[in-house]
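In what follows, a structure is listed as structure tokens, so that the remarks can point back to it.
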Amino acid sequence: MVISCWGALIRKLLMMRPQVVFVLGGPGAGKGTQCAKIVKKYGYTHLSAGDLLRSERSKEGTEYGELIASFIKEGKIVPVAITIQLIKKAMEEKMAQDSAKNTFLIDGFPRNADNLSGWNNHMNGYADVKFVLFFDCSNEVCIERCLERGKASGRTDDNAESLQKRIQTYMQSTKPIIDEYEKEGKVRRVDGAKTVEQVFLDVQKIFDSEN
Ligand SMILES: *[C@@H]1O[C@H](CO)[C@@H](O)[C@H](O)[C@H]1NC(C)=O
């Protein structure tokens, strides 16, 4: 009796754990577009570290708002421990509203070794990384798309010079993280050079077989 109660409790706790998909790929590989489609079709919650930082900073009386503002003011990177806490808090809030909403997409993370160790230090045992969705796209295609996007959206970082830097950072810092996850068999690769619709067909195959 006691044992079966524990079994049920453990099952419940395991089920409630946040189930996370990291979404990685170069600039312009289609992460944002595909995330929106995944959210719509599969009910995942999309989390972006940048958005969480901005929103924490802009709201009055938040736990980390002032601290974040002071790092940014001094031109320093906000420590990964803080950003991870924001991600954790966002997950907890979502799951408190609706315990069935325990699937999350984290876009553009982990983009370097510091991000990854921050995640491992604070989230191991709390959340499970289901897999890494990798939009594989050549640098040429990425650059071309971002330049097009820059013309239309006016995103100031979508210019040739800053793109070169972003691609370099991606190759140096993010690609090795993807390679690490690949060794663990956790990478689900999608050809990101195809059209939005074709890419989403491939994405659906992955999510349909994982869920
Ligand atoms: C990941 O690293 C980048 C670059 O150092 C940093 O800007 C970002 O805040 C980090 N992400 C998290 C969640 O800490």
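Just so you know, ligand 1 is whichever comes first in the structure, and atom 1 is the first atom listed for that ligand.
- Given atom 9 (O) of ligand 1, the protein heavy atom at minimum distance is T83 OG1, 4.2 Å.
- Shown in contact with I77 at under 4.0 Å from a heavy atom are these atoms of ligand 1, numbered in order with element: 5 (O).
- Ligand-side atoms of ligand 1 in range of N115: 1 (C), 2 (O), 3 (C), 8 (C), 10 (C), 11 (N), 12 (C), 14 (O), range being under 4.0 angstrom from any heavy atom.
- For ligand 1, the atoms sitting less than 4.0 Å from at least one non-hydrogen atom of N112 are 1 (C), 2 (O), 3 (C), 4 (C), 5 (O), numbered in the order shown with element in parentheses.
- The nearest heavy-atom contact from the protein to atom 14 (O) of ligand 1 is V80 CG2, 3.2 Å.
- Taking the ring axis of Y170 as reference, the NZ or CZ atom of K175 does not stay both within 45° of it and closer than 6.0 Å to the ring centre.
- Under the 6.0 Å cut-off for aromatic ring centres, F131 and F207 qualify, their centroids lying closer than that.
- Counting heavy atoms of neighbouring residues, nucleotides and ligands inside a 6.0 Å radius, atom CD of E161 does not exceed 12 of them.
- With a 6.0 Å radius and a threshold of 12 heavy atoms from other residues, nucleotides or ligands, E92 has its CD atom above the threshold.
- Stacking of K37 on the aromatic ring of F200 is recorded, both the 6.0 Å distance cut-off and the 45° axial limit being met.
- Within the structure, the closest approach of D114 to ligand 1 does not fall below 4.0 Å when heavy atoms are considered.
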